[in-house]
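FYI, side chains are in, hydrogens and waters are out, and symmetry mates aren't considered; it's all heavy atoms of this structure. Note that ligands are numbered from 1 as they come in the structure, with each ligand's atoms numbered from 1 the same way.
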Amino acid sequence: MTIKISKYIGFCFGVSRVVNSVFKNSDKKIKILGEIVHNEILINKLKKNKNITFIEDVKEVRFGDTVVTRAHGEKNNILKHLVDKGAFLVDMTCPKVAAIQNIVEKSSRKNVFIIIGDKNHPEIISIVSRNDLSIIIDNLSSAKNFISDVKFKKKNFISRYIVAAQTTYDLEKYKEVCDFLKDNLENVEFKNTICGDILKRREEILENAPKSDLVIVIGSEKSSNTRNLFIIAQKFCKSILISNKKCFDFEILRSKSKIFLCSGASAMKETAEEFINSAKKYCLQNKLDLEIQR
Ligand code: SF4
């Protein structure tokens, strides 16, 4: 049996940046606003650090507090509130998310901004907070509803539309919605805002899942890019999404010969290494051949 390990296992650039910042600042008392990244193992580890307090509400911030914000970005009014309160703000919004926030802010005066993504995702909430006229489209069916509404209100031909995607949105679904909007709107400009890191992981799974009989995706179910990798892999072979080695039944290895192991952008490399070590131990104990390919 072979287990091929993804080239991109572990954190993306934006998640590494925020996690490093938390560790760098944790020699003093800091407050972290919300779920800093979608990784329960990491959050639980940080909660054990006496210098770190997780808060859900800006009301818990006092003058002089150091507050670290998440890679997904925060709503504009929350950032303003923190500054007004006299907090020392460590804004860890990923630069790729900040780039979309910029597009929205610049487009706010004369254009209608459309973001394609999950309306409940913190990134989308942070982006639309920058323009009251932003429109969120979740999928093709909400795009169809939007177009019927535009036609009903005869808004078409009046405005210019700028369309962008959540950084972790699925590329195929984005193209599908864009093609539909292209056919139904005039004066529309499409921005390519899906994160390059996400696209590389996607390409890699598209190349490897068809050659495998099992794909293991490490990450949180809350993470949209992790779920997307899992959904893609499922189209080709048996696929399992696990947050850590404890959730995995190693017995399944007995019936598999080609396994591909990858992770979402907010999963730790250590979690993958722990999984690999457990797989090695299981194979040794059960006299199974195992080759790890990196
Ligand atoms: S996935 Fe991309 S956009 Fe999201 S935090 Fe990571 S680097 Fe930034």
Participant: Is Lys144 positioned over the aromatic face of Phe146, cation under 6.0 angstrom from the ring centre and no more than 45 degrees off axis?
Facilitator: no
Participant: Using a strict 4.0 Å cut-off to heavy atoms of Ile198, name the atoms of ligand 1 that fall inside it.
Facilitator: 1 (S)
Participant: One thing to verify: whether Glu172 and Arg202 come together as a salt bridge, which I'm taking to mean a side-chain N less than 4.0 angstrom from a carboxylate O.
Facilitator: yes
Participant: Counting N and O atoms only, with roles assigned by atom type, does the side chain of Asn139 sit under 3.5 Å from a partner on the main chain of Ser142, one being a donor and the other an acceptor?
Facilitator: yes
Participant: Within 2.8 Å of atom 8 (Fe) of ligand 1, is there any N, O or S atom belonging to Cys94?
Facilitator: yes
Participant: Decide whether a cation-pi geometry holds between Lys85 and Phe63; the criteria are a distance under 6.0 Å from NZ or CZ to the six-membered ring centre and an angle within 45° of the ring axis.
Facilitator: no
Participant: Heavy-atom contacts with Thr167 under 4.0 Å: which atoms of ligand 1 show up? List them by number with element.
Facilitator: 3 (S), 4 (Fe)
Participant: Would you kindly specify which portion of Asp197 sits under 4.0 Å from ligand 1, judged on non-hydrogen atoms: side chain, backbone, both or neither?
Facilitator: neither
Participant: I need the nearest protein heavy-atom contact for atom 6 (Fe) of ligand 1: residue, atom name and distance, please.
Facilitator: Cys12 SG, 2.2 Å
Participant: Any side-chain to backbone donor/acceptor pair from Arg201 onto Tyr8? Under 3.5 Å, distance only.
Facilitator: yes
Participant: For ligand 1, which atoms have a heavy atom of Cys195 less than 4.0 angstrom away?
Facilitator: 1 (S), 2 (Fe), 3 (S), 7 (S)
Participant: For atom 7 (S) of ligand 1, grab the closest protein heavy atom and report residue, atom and distance to one decimal in Å.
Facilitator: Gly14 N, 3.5 Å
Participant: Would you mind listing which atoms of ligand 1 come within a distance below 4.0 Å of any non-hydrogen atom of Lys96?
Facilitator: 3 (S)
Participant: Could Lys211 and Phe260 be counted as a cation-pi pair, given that NZ or CZ must be under 6.0 Å from the ring centre and within 45° of the axis?
Facilitator: no
